[in-house]
Colleague: 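Okay, handing you the structure first.
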Amino acid sequence: MFNAPEVTPAGRVTPPRPESLDFLSREILALKQSLNAVILAHNYQRPEIQDVADYVGDSLGLARQAAQTNADVIVFCGVHFMAETAKILNPGKLVILPDKDAGCSLEESCPGPKLKALQATNPNFWTIAYINCSAEVKALSDCICTSGNAVKIVKAAPKDRDILFVPDENLGGWVMEQTGRPMTLWKGDCYVHVEWTHAAITRIRERHPWAPVVAHPECPKAVRMLADEVCSTEKMVTWCQQTAATDIIIATEAGMLHRLKKECPGKNFIPAPTDRCACNECRFMKMNTLEKVHDCMLNLAPAIDLPAELSARARIAIERMLEISARD
Ligand code: 13P
Ligand code: SF4
């Protein structure tokens with residue numbers, strides 16, 4: 001059963017939602033009240049999950065929200081490392097996630113023991129870990145960063161140390177271009193963002209010559225070079241709100257389009273095509289469904305559980321990031 005389609009203020013017709021989604025949303029909101037829970041969702045989550053969340057944002061915004069919340073239960077709708085970060089910042093709270101298997105190709109690329117072995121080759125390394133990594137890797141790092149603050153974190157790193165940047169080679173390469181600071185880069189990538197190519201972006205630009213291109217820094221250099229703006233998913237929202245352009249090409253995961261359409265009514269977002277496949281969806285982010293959000297709140301599981309000592313070490317690196325990030 002579907003509800004009737006709605007006409008938005010911008011005159012567009014939104015597709016009808018199945019009534020079951022509305023029922024689940026109402027149940028989730030009732031559970032939220034009774035549990036004193038907060039629902040945090042990443043910008044790549046399914047639209048119906050974004051719509052029940054208390055906060056939708058990028059990794060930095062989500063970490064900040066997790067650090068500030070007064071809720072007893074954190075329902076984290078994103079991937080596993082994001083929920084883990086929330087738990088590290090809130091060891092005394094219950095942090096649950098819809099699907100515990102929602103991983104990340106960047107996290108997978110950097111196992112703790114391999115990082116430890118590389119660190120042992122240079123005692124002068126200062127390790128900056130992109131937040132897309134395991135708690136074990138965070139615990140081995142001096143500071144964490146997100147795509148929203150990576151440039152600031154690298155600029156604040158001790159000048160006499162050699163920076164080891166893990167695990168995203170593309171984000172690291174972009175930060176080197178922005179800061180001029182040489183870094184040793186781990187060879188990991190986001191399996192979604194590397195699907196965008198120079199040829200595919202060039203083709204879509206030819207079809208929409210007035211539309212600026214906004215790309216995530218996890219995209220390869222050949223794509224970043226064609227972009228008018230390279231930024232985190234949260235900065236994409238403010239950039240698109242502020243630009244005079246009405247048509248904008250977006251090179252990041254498809255979930256972002258829901259958030260952008262909501263925040264920028266009247267603008268037209270064109271998903272940048274990929275070359276080899278139509279795969280601009282992160283299979284990990286999409287493992288979460290509204291039904292799983294509901295079930296995890298009902299069962300209070302799966303929950304994140306971490307060894308206290310590992311969590312305490314990881315927390316130092318995350319808090320250093322939050323402190324540097326808050327500086328003027
Ligand atoms: P943001 O922090 O920019 O939202 O990026 C997170 C992510 O996983 C991108 O693939
Ligand atoms: Fe990881 Fe890429 Fe998915 Fe982001 S989009 S969670 S970096 S696999």
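What's counted below: heavy atoms across the whole structure, side chains too, no hydrogens, waters or symmetry copies. What you are looking at is a predicted structure, and each value in this text was computed from that prediction instead of being measured. Counting starts at 1 for both ligands and their atoms, in listed order.
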Colleague: Run Asp228 and Arg205 through salt bridge (charged side-chain N to carboxylate O under 4.0 Å, His left out) and show every step you take.
Modeller: CA-CA 11 Å; Asp228 297 272; Arg205 281 209 102 145; 2.8 Å; yes

Colleague: For atom 9 (C) of ligand 1, what is the nearest protein heavy atom, given as residue, atom name and distance?
Modeller: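 Residue, atom and distance for the closest contact: Glu218 OE2, 3.1 Å.
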
Colleague: Go through ligand 2 atom by atom and flag the ones less than 4.0 Å from a non-hydrogen atom of Ser105.
Modeller: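 By the 4.0 Å cutoff, the relevant atoms are 8 (S).
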
Colleague: By number and element, which atoms of ligand 1 are closer than 4.0 Å to a non-hydrogen atom of Asp58?
Modeller: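 Every atom of ligand 1 under 4.0 Å from some heavy atom of Asp58: 1 (P), 2 (O), 4 (O).
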
Colleague: Charged N to carboxylate O under 4.0 angstrom, Glu27 versus Lys32?
Modeller: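 No salt bridge links Glu27 with Lys32.
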
Colleague: What are the atoms of ligand 1, with element, lying closer than 4.0 Å to any heavy atom of His216?
Modeller: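 What qualifies from ligand 1 is 1 (P), 3 (O), 5 (O), 9 (C).
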
Colleague: Whether the Thr274 and Asn280 side chains hold a donor-acceptor pair (N or O, under 3.5 Å, no angle test) is what I'd like checked.
Modeller: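 Not at all, the side chains of Thr274 and Asn280 share no donor-acceptor pair under 3.5 Å.
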
Colleague: Check for me whether Glu218 has a heavy atom closer than 4.0 Å to any atom of ligand 2.
Modeller: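 Checking ligand 2 against Glu218, which is what was asked, there is a heavy-atom contact under 4.0 Å.
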
Colleague: I need the atoms of ligand 1 closer than 4.0 Å to a non-hydrogen atom of Tyr44, numbered in the order shown.
Modeller: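 The atoms of ligand 1 under 4.0 Å from a heavy atom of Tyr44 are 7 (C), 9 (C), 10 (O).
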
Colleague: Do me a favour and list the nearest non-hydrogen protein atom to atom 7 (S) of ligand 2 with residue, atom name and distance?
Modeller: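 Ranking protein heavy atoms by distance from atom 7 (S) of ligand 2, first comes Asn132 ND2, 3.2 Å.
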
Colleague: Restricting to non-hydrogen atoms, name the atom on Cys143 and the atom on Arg320 that form the minimum distance, rounded to 0.1 Å.
Modeller: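 Scanning both residues, the minimum pair turns out to be SG-CG, 3.9 Å.
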
Colleague: Could you tell me whether ligand 1 has any atom less than 4.0 Å away from a heavy atom of Asn43?
Modeller: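 For ligand 1, residue contact (heavy atoms, under 4.0 Å) with Asn43 is absent.
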
Colleague: By number and element, which atoms of ligand 1 are closer than 4.0 Å to a non-hydrogen atom of His193?
Modeller: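 Answer for ligand 1: 10 (O).
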
Colleague: Taking the basic N atoms (NZ, or NE/NH1/NH2) and the acidic carboxylate oxygens, is any pair closer than 4.0 Å for Lys262 and Asp51?
Modeller: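 Salt bridge: yes.
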
Colleague: Looking only at distances, please establish whether an N/O atom of ligand 1 is found under 3.5 Å from an N/O atom of Thr233.
Modeller: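 Right, the criterion is met.
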
Colleague: Counting heavy atoms only, which part of Thr146 comes closer than 4.0 Å to ligand 1: side chain, backbone, both or neither?
Modeller: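 Looking at Thr146 and ligand 1, no heavy atom falls under 4.0 Å.
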
Colleague: Would Arg259 and Glu234 satisfy salt bridge (charged side-chain N to carboxylate O under 4.0 Å, His left out), going step by step from the backbone distance to the final call?
Modeller: CA-CA 10 Å; Arg259 174 87 200 281; Glu234 198 56 33; 2.9 Å; yes

Colleague: Which class fits the ring pair His193 and Trp196: parallel under 30°, tilted 30 to 60°, perpendicular over 60°?
Modeller: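 The rings of His193 and Trp196 sit tilted, inter-plane angle from 30° to 60°.
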
Colleague: Of all the atoms in ligand 1, which lie at a distance below 4.0 Å from a heavy atom belonging to Ser147?
Modeller: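 Checking each atom against Ser147, I get 1 (P), 2 (O), 3 (O).
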
Colleague: Just by distance, no angles: are the side chains of Glu218 and Tyr130 close enough, under 3.5 Å, to form a donor-acceptor pair?
Modeller: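 Judged by distance alone, the side chains do pair up.
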
Colleague: Would you mind checking if Lys138 and Glu84 are paired as a salt bridge, meaning a charged N to carboxylate O distance below 4.0 Å?
Modeller: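 Between Lys138 and Glu84 there is no salt bridge, as every charged N stays at least 4.0 Å from the carboxylate O atoms.
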
Colleague: Compute the minimum heavy-atom distance from Glu234 to ligand 1 and say whether it is under 4.0 Å.
Modeller: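 Checking ligand 1 against Glu234, which is what was asked, there is no heavy-atom contact under 4.0 Å.
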
Colleague: Test your reading of the structure: does His42 have an N or O sitting under 3.5 Å from an N or O of ligand 1?
Modeller: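 Min N/O separation from ligand 1 is below 3.5 Å for His42.
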
Colleague: Considering only protein heavy atoms, which is closest to atom 2 (O) of ligand 1, and at what distance to one decimal place?
Modeller: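 Checking every protein heavy atom, the shortest distance to atom 2 (O) of ligand 1 gives Ser59 OG, 2.8 Å.
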
Colleague: Give me the nearest non-hydrogen protein atom to atom 2 (Fe) of ligand 2 as residue plus atom name, then the distance to 0.1 Å.
Modeller: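 Checked against all protein heavy atoms, atom 2 (Fe) of ligand 2 sits closest to Cys190 SG, 2.3 Å.
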
Colleague: If you look at every heavy atom in Ile128 and Ile163, which pair is closest and at what distance?
Modeller: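 So the two residues come closest at CD1-CG2, 3.8 Å.
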
Colleague: Mind checking whether Asn132 contacts ligand 1 via backbone (N, CA, C, O), side chain (CB onward), both or neither, at a 4.0 Å heavy-atom cut-off?
Modeller: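 Side chain only; the backbone of Asn132 stays clear of ligand 1.
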
Colleague: Out of Lys292, Arg283, Lys286, Arg46, which residue meets the salt bridge (charged side-chain N to carboxylate O under 4.0 Å, His left out) rule with Asp99?
Modeller: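 Of Lys292, Arg283, Lys286, Arg46, salt bridge (charged side-chain N to carboxylate O under 4.0 Å, His left out) with Asp99 is met by Lys292 alone.
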
Colleague: Determine, for Arg181 against Asp162, whether the closest basic-nitrogen to carboxylate-oxygen distance falls under 4.0 angstrom.
Modeller: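 Salt bridge flag = no for Asp162 with Arg181.
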
Colleague: List every atom of ligand 2 that sits less than 4.0 Å from any heavy atom of Leu106, numbering the atoms from 1 in the order shown and giving each element.
Modeller: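 It comes down to these atoms of ligand 2: 7 (S).
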
Colleague: Would you mind checking which non-hydrogen protein atom is closest to atom 1 (Fe) of ligand 2, with the distance to 0.1 Å?
Modeller: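 Going by distance alone, atom 1 (Fe) of ligand 2 is nearest to Cys104 SG, 2.4 Å.
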
Colleague: Show, in sequence, the C-alpha distance, side-chain angles and deciding distance for Thr233 and Asn43, and conclude whether the side chain to side chain donor-acceptor pair (under 3.5 Å) test is met.
Modeller: CA-CA 7 Å; Thr233 58; Asn43 285 321; 2.9 Å; yes

Colleague: Using a 3.5 Å cut-off on N or O atoms only, is Ser232 in polar contact with ligand 1?
Modeller: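 So ligand 1 has no N or O lying under 3.5 Å from an N or O of Ser232.
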
Colleague: Would Cys282 count as a contact for atom 1 (Fe) of ligand 2, in the sense that one of its N, O or S atoms lies under 2.8 Å from it?
Modeller: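 Here the distance criterion (N, O or S atom, under 2.8 Å) is not met by Cys282, so no.
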
